[in-house]
Every structure is written in structure tokens, then in C-alpha cells.
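Structure first, then comments.
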Amino acid sequence: MEIFVYHTPELTPANSLPDCAVVIDVLRATTTIATALNAGAEAVQAFSNIDKLMEVSESWPADLRLRAGERGGAKVPSCDLGNSPLDCTPELMQGRRLFLSTTNGTRALQRVENAQVVITAALINRQSAVNYLIKQQPETVWLLGSGWEGGYSLEDTVCAGAIALALVDAGYTVANDEVIAAIALFAQWQNNLLELFHQSSHGQRLLRLNCHADLKYCAALDTLSILPLQKEPGILVSH
Ligand code: MLT
């Protein structure tokens, strides 16, 4: 297995896809996706465009759908929910499909939606992603951060580093320099992930929006054993 880390969708090589793409948006889309599926959502359907989300979700029975939209960290007014994983309670999610559009995470998903296998990972389900990769042994793996509007984000890279470290320890191959850098970042901050989030630009944006509890929840390692797996482009279900 060859492991690549890319910090943003924009930094991935053009006209190429891995055997398995691992999409990471720790703050907060992939944390929300894992939490929603863990709480019993039937599926999470991701859209980069909010108008498309509204159009497609319209054909879904109203009592079986929830629309979640986020831009700039804040809830999109026309949606039922924003992008807080803390809103994904079993009472709300059970049996429903979550239609989700976020600033960066859903764009990253779109970049790799045609890969043979797509999974999503966050710190809360890091170990499940590692277990899946070790079991399935894809030849090439991209650990793909979502970043923020094309730029680097600490929280996605630290999660990529957490996954990469476990894979390298298991004997798999480092395939680009970003893997080494991501592992170094995780090694430095692994016992202080919440503090790292307080220093990151998107963490600070969320703190300004009073999302302290979200940061704490997203910074916890290996709290869920769920693994979101794409069953068709843009649609994630529990593996
Ligand atoms: C994103 O896709 O950029 C994020 O998940 C933003 C957020 O809601 O924190």
C-alpha cells in the first residue's frame, strides 16, 4: 500500500485517482458525517452546491430528510441544520437521510467521488479508517484534507498524520513528503489536539461563532467505530 497525503483537493494530481480515497474534514464535515451515521441516519448525501441540495432533497419524503448547510462556519438559513456534529442526535437522525452541503468538505468529496473506494475519516473515527485500510489493502491511498477555500488546514493534516502513522507502523509505504510532515504534526500535538484546534484558523473562526463544544468533540480520538463508505457518488452509508 502506497500512502499519499494531499492537504487540499486543489493539490491533488490532475487526471488521477487512487484506489482508495480517504476524505478528511475534521472541522467539521467528516466528523458530522460519522456522527450522523452513528446516530442512525440512513445515509448522508453530500453536495457542493446548496441549490442542488434543495432540488434533489425536494423529491425525498419530508419526514425522512434533514437538510444541513454551512457556509463560512455558519448555518445556511434555508436549511434545518448547520454543520454541527452535536446536532446529530439519534432522535433526529434515526432513519433519515442527511442532505449536507459545506464550504470545503463536500467539495473534497466531489474531487474524488469517482475513485474505486471512498471513505471519510475524522479524529473521532480514525482507528476505523486505519482498520479498514489494513484489511482491504488498496494499492494506492490518498489521505485528502479539505482545507479552507484552497488553503492548508492544521486539523485535517493532523488527522491525516494520525492515520498515516498507524499505516507506516504497520509497514506500508510513504509515497510523498506530505506524509512525513503530517506524521510530524501529529507526533507533536497528539496529546494536545484541542489546543492545536484553538490555534488553527478555522478553529478560531468556529470559536468566534461560539462553537467551543464542537471543537472539543471533534478533537477526541477514536470515540466512534463507525466507518462512512461511499456507495454511489456523493452518498455515504455506514460500512
Ligand atoms: C467545511 O466544509 O468547510 C467545514 O466542515 C466547515 C464547518 O462547518 O466547520
Side-chain angles (χ1 to χ4, degrees), residues 6-12 21-39 41 44-53 66-88 92-93 98-113 118-126 129 143-160 193-194 196-220 224 226 228 230 234-236:
Y6 294 108
H7 297 309
T8 66
E10 289 77 5
L11 289 170
T12 55
V22 183
V23 176
I24 301 169
D25 184 6
V26 173
L27 294 176
R28 296 164 291 177
T30 57
T31 303
T32 295
I33 291 168
T35 306
L37 292 174
N38 191 62
V44 177
Q45 187 161 356
F47 297 84
S48 55
N49 179 297
I50 204 85
D51 294 333
K52 189 78 186 155
L53 179 156
L66 284 164
R67 291 156 162 166
E70 166 276 332
R71 288 296 178 268
K75 174 180 175 295
V76 173
S78 54
C79 288
D80 306 308
L81 302 170
N83 186 27
S84 173
L86 301 179
D87 288 339
C88 298
L92 216 49
M93 295 295 136
L98 185 67
F99 294 86
L100 175 71
S101 178
T102 71
T103 313
N104 304 286
T106 52
R107 280 193 320 117
L109 272 166
Q110 199 172 43
R111 164 63 187 95
V112 290
E113 68 182 7
V118 180
I119 61 175
T120 69
L123 290 168
I124 59 168
N125 69 334
R126 178 271 311 243
L143 303 176
L144 173 59
S146 302
W148 186 268
E149 294 179 342
Y152 174 93
S153 74
L154 284 167
E155 63 276 9
D156 294 342
T157 300
V158 86
C159 181
L193 292 164
L194 183 55
L196 178 67
F197 289 8
H198 278 252
Q199 294 196 24
S200 74
S201 54
H202 187 48
Q204 288 179 7
R205 182 178 296 107
L206 291 173
L207 289 173
R208 288 193 293 276
L209 292 165
N210 290 320
C211 297
H212 296 75
D214 283 43
L215 257 63
K216 191 168 176 209
Y217 179 83
C218 295
L224 299 185
I226 194 99
Q230 182 179 262
I235 302 184
L236 297 143

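Counting starts at 1 for both ligands and their atoms, in listed order. This is a predicted model, so every value here is computed, not measured.
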request  = Output the set of protein residues with a heavy-atom contact under 4.0 Å to ligand 1, ordered first by chain identifier and then by residue number.
outcome  = Asp25, Leu27, Arg28, Ala29, Glu70, Asn83, Thr102, Thr103, Asn104, Gly105, Trp148, His202, Leu206

note = Residues passing the ring pair (Phe, Tyr, Trp, His ring centres under 6.0 Å) test with Phe99, sequence neighbours excluded, are Trp60

ask   = Leu81 versus Leu92: any side-chain heavy-atom pair under 4.5 Å?
value = yes

request  = Could you tell me which residues satisfy salt bridge (Lys or Arg N to Asp or Glu O under 4.0 Å) with Arg111, sequence neighbours excluded, listed by chain and number?
outcome  = none

ask   = Would you call Glu149-Arg107 a salt bridge at under 4.0 Å N-O?
value = no

ask   = Excluding sequence neighbours, so at least two apart, what forms side-chain hydrogen bond (donor to acceptor under 3.5 Å, both in side chains) with Thr31?
value = none

remark   = Exactly one candidate in Gln45, Glu70, Arg71 meets side-chain hydrogen bond (donor to acceptor under 3.5 Å, both in side chains) with Ser101; the answer is Arg71

